[in-house]
There are 2 protein chains.
Amino acid sequence: MADEEAAREQVVRAADELFYTKGVQAVGMDAVRTAAGVSLKRIYSLFSSKDELVVAVLRHRTAVWDDGIASASERATTARARLLAIFDFLDGWFREPDFRGCAFINTHGELSATSQAVADAVREQKRTFQEYVARLVAELDGPPELAPQIAILAEGAQTTAAIAGTPDAARYARDAVETLLDAKVPASV
Amino acid sequence: MADEEAAREQVVRAADELFYTKGVQAVGMDAVRTAAGVSLKRIYSLFSSKDELVVAVLRHRTAVWDDGIASASERATTARARLLAIFDFLDGWFREPDFRGCAFINTHGELSATSQAVADAVREQKRTFQEYVARLVAELDGPPELAPQIAILAEGAQTTAAIAGTPDAARYARDAVETLLDAKVPASV
DNA sequence: TACAGTAGAGAACGAACGTTCTCCGCGCAA
DNA sequence: TTGCGCGGAGAACGTTCGTTCTCTACTGTA
C-alpha cells in the first residue's frame with residue numbers, strides 16, 4: 001500500500017460500493033477502513049474529511065458512468081442510435097441485482113442540504129450528461145428543447161426503476177424518446 | 001396538548017418540515033421535540049420509533065401531494081388538460097423558495113436500504129400517482145404505455161429541478177407530454 | 001549493533017444520536 | 001387537607017459517529 005494513487009483508488013472503490021449499497025450516512029469510516037484495508041490515519045491523509053471522500057466517490061462514479069455510456073454507444077452509427085443507446089444502457093443497468101438507483105440522485109437527496117461540495121459534484125455530473133445529449137440532438141438538427149426532455153426521461157427512468165424495483169422504466173422511456181424524435185426530428189434516419 | 005390527534009399532527013408537521021429541509025438523518029428527535037413543542041416521552045407514545053414517524057410523515061406528504069394535484073386539475077375540464085395540469089402544478093412547486101426536490105425520492109435515496117417500511121411507503125405513493133395518470137390516459141383512449149411515460153417525465157422533472165436548482169424542467173416535461181399526446185392520442189381535443 | 005525517523009494499526013476522544021427513565025407538579029377522590 | 005395517580009419535561013443511557021492520538025514495528029544509516 002505504498003503507492004499513494006493505488007491507496008486512493010482502493011479507498012474510493014470500497015467507499016463507493018458501501019455508500020451505494022447502504023447510503024452514505026449509514027456507513028462509518030470504520031467500515032470503509034475495514035473494506036479498503038487501509039488504516040484510518042492513511043485515509044485521513046488522503047482525504048481531509050468524509051465529505052471530501054464522498055466527492056471523490058462521486059467523481060469516480062462519473063467516470064464509470066461516462067465509460068458505460070461511451071461503450072453502449074460504441075456500436076451505434078448515428079446520433080439517433082446513440083441517443084437510444086443511453087436507454088439500452090439503462091435497461092441493462094436496471095437489471096443488475098444490486099441496482100439501487102442513481103448514486104448521484106441518492107446522494108443528492110441525502111446530503112445536498114448539508115454539503116455544498118456534494119451538491120456541486122452532483123449538479124456537475126448532470127450538467128455534463130445534459131451537454132452530451134444536447135450534442136447528439138444538435139447533430140440531428142433537432143430543436144434544442146428536445147435535449148432536456150430526453151435527459152428528463154433518463155432521470156425519471158432511473159428514479160422510477162429504483163423505487164419500483166423493476167427495469168420496465170428503461171423501455172418506456174426509450175419508447176417515449178423514439179416518439180419525441182419522430183415528432184421533432186422529421187428528417188432523422 | 002391533551003388531544004392525541006392534535007399532538008400527532010403537531011409532531012408530523014414539524015418533522016415533515018425539518019426532514020424535508022435538512023434530510024431525515026440530519027435531524028435528531030430532540031430537534032423534532034423542540035419544533036413540535038411536544039415532549040419526547042409523548043412523541044414515543046405516539047410513534048414507536050423514528051422510523052415509524054418517518055412513515056407517518058410520508059403519509060402526510062402523500063395527502064398534501066394529492067391535494068395539490070387535485071386542486072391543480074380543478075379548473076381543467078378534459079383528461080388531457082388534467083394531465084397537463086400536473087406539470088403546471090410542478091412548475092409552481094419548483095418555484096417555491098424552499099423547494100428541495102421530491103420528499104419521497106429524497107427519503108427513498110436516504111433510507112430505502114435501511115428501512116423496508118420507508119421503501120414501501122414511497123413505492124406506494126408512486127404507484128398511486130401512476131394509477132392516477134393511467135386513469136386519465138384511459139379516459140383519452142390513449143395506449144396504456146403512455147401512462148408510465150408521462151409518470152417518468154414527472155419524476156424526472158422533479159429530480160432535475162431539484163439538482164439543477166431551476167424550475168425549467170417542468171416546462172420541458174410538459175412540452176414533451178404534449179408531444180406524446182399529440183402523437184399517441186390523435187383524437188384528443 | 002544502535003539509533004533516528006516514518007508510517008501503520010487501532011485505541012481513544014468528544015459529540016450527537018435514538019431511546020428510556022426519573023423526577024416533579026398538577027388534578028381529583030375522600 | 002391529604003394521599004394518589006397520571007403525564008410532561010428533559011436528564012441520562014448506551015451506542016455510534018467522525019476524527020485524532022498514541023504506541024509499535026520497521027527501514028535505512030553509521
Side-chain angles (χ1 to χ4, degrees), chain A residues 1-58 106-107 110-118 121, chain B residues 1-58 106-107 110-118 121:
Chain A
M1 213 60 60
D3 189 46
E4 178 165 325
E5 212 50 48
R8 271 188 76 96
E9 180 148 337
Q10 194 95 353
V11 172
V12 166
R13 266 187 208 284
D16 182 36
E17 183 172 334
L18 287 170
F19 290 168
Y20 182 65
T21 308
K22 310 186 179 184
V24 174
Q25 301 192 83
V27 173
M29 293 298 275
D30 255 28
V32 174
R33 181 257 297 268
T34 303
V38 175
S39 78
L40 278 177
K41 188 179 178 184
R42 190 91 152 100
I43 293 178
Y44 275 94
S45 80
L46 296 166
F47 309 94
S48 70
S49 68
K50 188 183 185 182
D51 226 59
E52 200 172 286
L53 173 58
V54 173
V55 172
V57 166
L58 290 178
N106 292 346
T107 308
E110 197 175 343
L111 296 178
S112 71
T114 332
S115 163
Q116 190 57 46
V118 168
Chain B
M1 212 62 59
D3 188 47
E4 177 164 326
E5 213 51 46
R8 271 188 78 94
E9 178 148 339
Q10 194 95 355
V11 173
V12 167
R13 267 186 207 283
D16 182 36
E17 183 173 333
L18 286 169
F19 290 169
Y20 182 66
T21 309
K22 310 185 180 184
V24 174
Q25 301 193 83
V27 173
M29 293 298 273
D30 255 29
V32 174
R33 180 255 300 268
T34 303
V38 175
S39 78
L40 277 178
K41 188 179 178 187
R42 190 92 152 100
I43 292 178
Y44 274 94
S45 79
L46 297 166
F47 309 93
S48 71
S49 68
K50 187 182 186 182
D51 226 59
E52 200 172 285
L53 173 58
V54 172
V55 172
V57 165
L58 289 178
N106 292 346
T107 308
E110 197 174 344
L111 296 178
S112 71
T114 333
S115 163
Q116 189 58 47
V118 167

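Just so it is clear: chains get the letters A, B, ... in the order the sequence lines come, proteins before strands, and each one is counted from 1. Quantities reported herein were computed from a predicted structural model and do not represent experimental measurements.
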**OP:** Please tell me which of the listed nucleotides, C:dG18, D:dG8, C:dG10, lies nearest to the side chain of B:Y44?
**Re:** C:dG18
**OP:** Take the protein atom CG of B:L40 and the nucleotide atom P of D:dG7, then report the distance between them rounded to whole Å.
**Re:** 17 Å
**OP:** Rounded off to whole Å, could you give me the CD-to-P distance for the A:E110 and D:dC17 pair?
**Re:** 13 Å
Subject >> Between P of C:dT19 and CD of B:E52, the distance in whole Å >> reply: 10 Å
Original post:
For B:K22 and B:V27, which heavy atoms make the closest approach, and how far apart are they?
Top reply: CB-CG2, 3.8 Å
Original post:
To the nearest angstrom, how far is B:F47 atom CZ from C:dT20 atom P?
Top reply: 15 Å
Subject >> A:L53 CG - D:dT19 C1' separation (whole Å) >> reply: 14 Å
Subject >> Atom of A:I43, atom of A:M29 and distance for their closest heavy-atom approach >> reply: CG2-CE, 3.8 Å
**OP:** Assign A:S45 to base, sugar-phosphate, or nothing according to its heavy-atom contacts below 4.0 angstrom with the strands shown.
**Re:** nothing
Original post:
Does CD in B:E52 sit with more than 12 non-hydrogen atoms of other residues, nucleotides or ligands closer than 6.0 Å?
Top reply: yes
Original post:
side chain to side chain contact (heavy atoms under 4.5 Å, CB included) between B:D30 and B:L40: does it pass, once the steps are laid out?
Top reply: CA-CA 7 Å; B:D30 255 29; B:L40 277 178; 3.4 Å; yes
Subject >> For A:V57 against A:V12, the heavy-atom pair lying closest together >> reply: CG2-O, 3.9 Å
Original post:
Could you state the CD1-C1' distance from A:I43 to D:dT20, rounded to the nearest angstrom?
Top reply: 14 Å
Subject >> Within residues 19-33 of chain A: residues closer than 4.0 Å to DNA chain D (heavy atoms) >> reply: A:V27, A:G28, A:M29
Original post:
With a 4.0 Å cut-off, would you call A:E17 and A:R13 a salt bridge?
Top reply: no
Subject >> Closest to the B:K41 side chain, choosing from C:dT20, C:dA9, C:dT22 >> reply: C:dT22
Subject >> Phosphate contact (C:dG18 OP1 or OP2) by B:K50 side-chain N/O below 4.0 Å >> reply: yes
Original post:
Separation of B:L46 atom CG from D:dG7 atom C1', in whole Å?
Top reply: 12 Å
